[in-house]
Amino acid sequence: MDQLALIVGLLLATVVAVGLGDRLRLPYPVLMLLLAAALTFIPGFPDFELAPELILPIFLPPLLFATAQKSSWAVFRVRWRTLLLMAVALVVVSTAAVAGAAWLMIPGIGIPAAIALGAMVAPPDPVAVDSVAGRVHMPRRLITVLQSEGLFNDAAAIVIFQAAVAATVSGTKVGAGVVLQFVIGAGLAVIVGIAMGWLTRLITKLVTSMVARSAVTLVVPFAAYILAEELHASGVIAVVVTALETQRHARSQDAAERVTRNAFWDVVELLATGLAFGLVGLEIRTVIRDEGAAVFGMIGPAVAVCVLVFVVRFAWLGLLAIAARKRKNLLPTSPKEVLILTWCGMRGLATLALALALPLTIADGSDFPARHETLVIACAVLLATLVLPGLTLPWLMRVLKASEDGSHEKDAARLLAKRAQAAAISALKEHDLMKELPADKVALVKEKMTRLHAELLDGTLKNESATEKRERGRELAIAVQTIALDAARQEVVAARGEPGMDPEVADRVLRQLDLRTMAMPD
């Protein structure tokens, strides 16, 4: 009962932290982490025990699925170079740098165990980044890069970590087979994700209940993750691909379902994020308590690794900024963006879960090399990269004057909306349904589509009763708007893949069309 009460308490604390964060302009995940860590120092506070191997399967699927739903394949086509260089290459570089430093500073750790530590602290957390960046009016393109990086870097880090731990336990070396393992695992995960996306579409076609169809999307991420892991593939990539495939095959007539599902997932993401970071806070205190005096002996190496993590990310992003001068579709593009993206490299759930997943002993029965030091360093990096940037990012954005009012994106959305409107009017002109309306009503459809229902209430047949006229007007309004909005959606989807078009703007216009469809008369 104590465990259940603790979970309920953390969920309620999440709601309070969101309200407090809005008032203080601070990210609620950071507040939840600090609050949970502080609570554990209360005498008699109950311990919460969660098997380390369950942390990733419980929290990663829903949180990754929720974040991936805000993106699309079009975004990845535009940003694929940046994604590859940050989600894979940067993880490898960070792992190598931290592993080298740990091998030099920690006696007896060994190269495989040092690589495991490097992989543990390499991947930034997309949940933390999303909750922090959105509150400071960060440029949308930077938020998208951070989200995209966070969707795939866990996969690379987990593969390296698992290979390094296996080598440590068996007493062998980490070989080049890690690359092949990652490629095969990623390929299988893509197949699993596509298959789960197809299965999701099939189920939603067979199920008539809108609530049930939304509930399917809560089950699918866990199914994709578990199936991929059983096939020794990447569960992270499988979940992301499933979400992207579900988005790619969205139909215009499913607008009401998408709006309902988005609201549903907003609630799931908020509560799961708060609970996850609350548990992170509880586990940090547990780790520190269990390690005892080892904490003080590792302060120096821990601080060195924390600084190294920031320096490596800053240097790597600086190289990308130089390369962006030749390739305009790369990010970042300026020293200001380099500093912002560096400061947003926040570690979180994956780092803690991998730290807790370290085995106690190796094959010969001896202790895992430098396990205490590894845990302390991992927690130090988590706190340094999450709490410090999370609390200071609003100040940094003000100093750099990097916040945007969204005027550029609004202009792009306005142009795209005009194209959608033109496509809607063109579709109405060519449709046989419009022949039923007199010329004056056709003009009103073109000019005042948002008032179409009211304009058509009087009907077109003189011998109809008042009730029949209203019913006919209602049906005709729905039919006309359905044709128009369907054509508008098709135009935006086509424009999203055009060169030079910002896919993030197109995705937001599509969401506005869904809301407009929901507002049709019923």
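We're numbering straight along the sequence, starting at 1.
Scanning both residues, Ala36 and Gly278, for their nearest heavy atoms gives CB-O, 3.0 Å. Closest approach of Met105 and Ala304 over heavy atoms only: SD-CB, 3.8 Å. The two residues Pro389 and Ala384 come nearest to each other via the heavy atoms CD-O, 3.1 Å. Here the closest heavy-atom approach between residue Ala119 and residue Leu354 is recorded as O-CD1, 4.3 Å. Contact between Pro62 and Pro221 at its shortest, heavy atoms only, is N-CB, 4.4 Å. Closest approach of Val312 to Ala97, counting heavy atoms only: CG2-CB, 3.7 Å.
A donor-acceptor pair under 3.5 Å links the side-chain atoms of Arg313 to the main chain of Leu341, judged by distance alone. In this structure, Thr351 contributes its side chain and Met120 its backbone to a donor-acceptor pair below 3.5 Å. Remark: the backbone N or O of Leu117 is not paired with any side-chain donor or acceptor of Thr374 at under 3.5 angstrom. In this structure, the side chain of Ser234 does not engage the main chain of Ala189 through any donor-acceptor pair within 3.5 Å. Looking only at distances, no side-chain donor or acceptor of Arg347 sits under 3.5 Å from a matching main-chain atom of Leu386.
No side-chain heavy atom of Leu90 sits less than 4.5 Å from a side-chain heavy atom of Asn153. With contacts defined as side-chain heavy-atom distances shorter than 4.5 Å, the pair Glu245/Arg201 qualifies. Residues Leu218 and Trp265 meet the side-chain proximity criterion, which asks for heavy atoms closer than 4.5 Å. With a 4.5 Å cut-off on side-chain heavy atoms, Val239 and Met196 do not count as touching. Leu388 places a side-chain heavy atom less than 4.5 Å from the side chain of Trp343. Side-chain contact between Leu146 and Glu149 is present, with heavy atoms from C-beta onward closer than 4.5 Å. The shortest side-chain heavy-atom distance between Pro359 and Val165 falls under the 4.5 Å cut-off. Ile362 is listed as a side-chain neighbour of Pro369, based on a closest heavy-atom distance under 4.5 Å.
The line from CD of Glu269 to CG of Leu64 is 10.5 Å long, rounded to the nearest 0.5 Å. A distance of 13.5 Å separates CG in Leu382 from CD1 in Ile377, rounded to the nearest 0.5 Å. His232 contributes atom NE2, which lies 12.0 Å from atom CD1 of Ile184 (distance to the nearest 0.5 angstrom). Remark: Arg398 CZ to Leu393 CG distance equals 10.0 Å, nearest 0.5 Å. In this structure, CH2 on Trp198 lies 13.5 Å from OG1 on Thr242, to the nearest 0.5 angstrom. Between Ile58 atom CD1 and Leu63 atom CG the span is 11.5 Å, to the nearest 0.5 Å.
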Please assess Leu317 against Glu337 for the test side-chain contact (heavy atoms from CB on, under 4.5 Å), listing each intermediate value before the final yes or no. CA-CA 9 Å; Leu317 291 171; Glu337 292 182 354; over 6 Å; no
Determine whether Val338 and Phe314 satisfy the following criterion, side-chain contact (heavy atoms from CB on, under 4.5 Å), listing intermediate values before the conclusion. CA-CA 7 Å; Val338 169; Phe314 181 81; 3.7 Å; yes
Give the C-alpha distance, both sets of side-chain angles, the deciding distance and a yes or no for side-chain contact (heavy atoms from CB on, under 4.5 Å) between Val381 and Thr385. CA-CA 6 Å; Val381 171; Thr385 59; 4.0 Å; yes
Starting from the C-alpha separation in whole Å, work towards a yes-or-no answer on side-chain contact (heavy atoms from CB on, under 4.5 Å) for Leu11 and Val15. CA-CA 7 Å; Leu11 293 176; Val15 179; over 6 Å; no
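Trp316 and Ser94 share no donor-acceptor pair across their side chains, judged by distance under 3.5 Å alone.
With sequence neighbours excluded, no residue satisfies salt bridge (charged side-chain N to carboxylate O under 4.0 Å, His left out) with Glu229.
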